[in-house]
Amino acid sequence: MSHPPDRNLALELARVTEAAALAAGRWMGRGDKIAADQAAVDAMRLVLNTVEMDGVVIIGEGEKDEAPMLFNGERLGTGAAPHVDIAVDPIDGTRLTAEGGHGALAVVAIAEHGTMYNPFHVVYMDKIAVGPEAKGAIDVNAPVAANLSSIARALNKDLDDVTVMILDRPRHAELIQEVRTAGARIRLIRDGDVAGAIATCMPDSGIDALMGIGGSPEAVIAAAALICLGGDMQCKLWPRNEKERMQSLAAGQELDRVIGITDLVRGDNVFFAATGITNGELLDGVRYFGGGAVTHSIVMRSRSGTIRTITARHRWDKLMVYSAVAYGA
């Protein structure tokens, strides 16, 4: 049974991530993480509030890093239907932006109300993510070598051709050694595991899996993108200390539970948008020119399966007439 085309919120979200990227991009390489984050948060909130929706922030900004907030529970949008859950990361890679590094993004995801997982006080998860060809081939409880062998079989690759992306952190020393012992290749990244998870779904990225402990908010946002792209993800909560462990148990969370991709985002109508802040493998960053800037974005919708890439040229003399965002400051 066919239906007429309906509203694609992902296209409207592109304006949100463009605004955050344009505002944050002014702080690239200036060494001030907080200022960059504040600029992105302010721009993102302003434009989200113009979207015709009744949205509540489930995955917000700032709790983990004590950064400027788009706080959990905040209501955004015009207040009209539809009623949706919102996950935001105004800058995935705040340090990358501040230091002029590679691959920072502004990202936002929306799904039907009541469908996004709330990790509460546990701000880290142990994750494994793969693309469509390896869907169903992962088990976060299995040994690293077993997962890599399963992924290699699913991809019809030799194990030594499999490439795993891992955040470069001291906590991953054992994981890195296990991957090396198994014979797979490793791509270490400084930050930005949302982009890393998405890379597993991009045939030309050369990335076959994302593994390791990273932010819980980023897991939910990445899951939204992977649902649109047909990928797969499994996670387990990873409390940093006894306080977080006790808070999690008090909230009724099961620390041993395997959290699958459809636990992270349960809806079948998921929207995702990302805009590059600094140049990366997924998207080019903001490029400023006299009187304006160029942005590069990707927008997705799970229901239609449509993935769009958008190159936009922004003119300050036009944009600043009606916009309260200080894009050209």
Side-chain angles (χ1 to χ4, degrees), residues 9-10 55-61 63-64 72-73 82-89 92 107-142 144 146-147 150-151 154 165 167 193-201 209-240 244-245 247-272 300-303 305:
L9 278 168
V56 58
V57 177
I58 303 299
I59 300 298
E61 166 75 0
E63 184 172 345
K64 180 178 69 174
N72 291 5
H83 191 19
V84 296
D85 289 350
I86 304 172
V88 301
D89 197 349
D92 178 42
V107 297
V108 63
I110 287 178
E112 294 159 312
H113 179 60
T115 61
M116 283 186 175
Y117 179 84
N118 189 342
F120 295 104
H121 300 288
V122 182
V123 298
Y124 284 94
M125 287 183 178
D126 191 6
K127 316 172 187 178
I128 179 169
V130 291
E133 292 180 322
K135 188 177 179 69
I138 56 175
D139 179 358
V140 73
N141 282 328
V144 171
N147 269 309
S150 181
I151 292 167
M165 184 169 277
L167 281 169
D193 61 349
V194 172
I198 294 172
T200 66
C201 298
L210 173 81
M211 289 183 171
I213 296 160
S216 300
E218 288 83 355
V220 178
I221 295 170
L226 292 179
I227 287 170
C228 296
L229 292 163
D232 200 6
M233 190 174 198
Q234 287 190 1
C235 306
K236 291 180 73 173
L237 294 170
W238 192 80
R240 293 177 293 179
E244 280 191 3
R245 191 183 78 82
Q247 288 175 326
S248 178
L249 294 173
Q253 294 175 302
E254 301 174 40
L255 297 180
D256 292 332
R257 177 191 172 199
V258 174
I259 303 168
I261 189 168
T262 55
D263 298 313
L264 292 165
V265 184
R266 299 192 310 275
D268 67 352
N269 196 21
V270 182
F271 306 90
F272 176 90
M300 318 175 194
R301 184 185 187 184
S302 65
R303 180 169 288 175

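Positions are given from 1 along the sequence.
- Considering every non-hydrogen atom in both Met116 and Ile86, the closest pair reads SD-C, 3.9 Å.
- Not counting sequence neighbours, Asp232 has no partner by the side-chain hydrogen bond (donor to acceptor under 3.5 Å, both in side chains) test.
- With Asp89 contributing its side chain and Val107 its backbone, the two residues share no donor-acceptor pair below 3.5 Å.
- For the atom pair CG (Leu237) and CD (Glu244), the distance works out to 9.5 Å, reported to the nearest 0.5 Å.
- In this structure a side-chain-to-backbone donor-acceptor pair under 3.5 Å is missing from Ser150 to Ile138.
- For Arg257, the salt bridge (charged side-chain N to carboxylate O under 4.0 Å, His left out) partners at least two apart in sequence or on another chain are Asp263.
- At a threshold of 4.5 Å between non-hydrogen side-chain atoms, the residues Pro82 and Leu9 count as touching.
- Screening residues 108-128 for salt bridge (Lys or Arg N to Asp or Glu O under 4.0 Å), with sequence neighbours left out, gives Glu112-Arg303, Lys127-Asp193.
- Listed by first then second residue, pairs satisfying side chain to side chain donor-acceptor pair (under 3.5 Å) with a partner in residues 130-139 number zero, not counting sequence neighbours.
- Summarising the geometry, atom CG belonging to Asn147 is positioned 4.0 Å from atom CD1 belonging to Ile128; distances are rounded to the nearest 0.5 Å.
- The two atoms that bring Met125 and Tyr117 nearest to each other are CE-CE2, 3.5 Å, heavy atoms only.
- Across every non-hydrogen atom of Thr115 and Gly267, the tightest pair is CB-N, 3.5 Å.
- In this structure, the side chain of Ser302 engages the main chain of Asp268 through a donor-acceptor pair within 3.5 Å.
- For the residue pair Lys236 and Leu255, the shortest heavy atom distance occurs at CE-O, 3.9 Å.
- Atom CD1 of Ile198 and atom CZ of Phe272 lie 3.5 Å apart (nearest 0.5 Å).
- A heavy-atom distance below 4.5 Å is found between the side chains of Pro119 and Ile59.
- Taken from CZ in Arg266 to CD1 in Ile227, the straight-line distance is 10.5 Å, to the nearest 0.5 Å.
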- Can you check side-chain contact (heavy atoms from CB on, under 4.5 Å) on Asn269 and Arg301, steps first, answer last? CA-CA 7 Å; Asn269 196 21; Arg301 184 185 187 184; 2.9 Å; yes
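- The two residues Cys201 and Leu226 have their closest heavy-atom pair at SG-CD2, 3.3 Å.
- Scored by the side-chain hydrogen bond (donor to acceptor under 3.5 Å, both in side chains) test, Asp85 finds His113 as partners (sequence neighbours excluded).
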- Message: With side-chain contact (heavy atoms from CB on, under 4.5 Å) as the criterion, how do Arg240 and Tyr124 come out once you've worked through the C-alpha distance, each side chain's angles and the decisive distance to 0.1 Å?
- Response: CA-CA 7 Å; Arg240 293 177 293 179; Tyr124 284 94; 3.4 Å; yes
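- Partners of Arg245 under the side-chain hydrogen bond (donor to acceptor under 3.5 Å, both in side chains) rule, at least two apart in sequence or in another chain, are Glu242.
- Across all non-hydrogen atoms, the minimal contact from Val220 to Leu264 is CG1-O, 3.9 Å.
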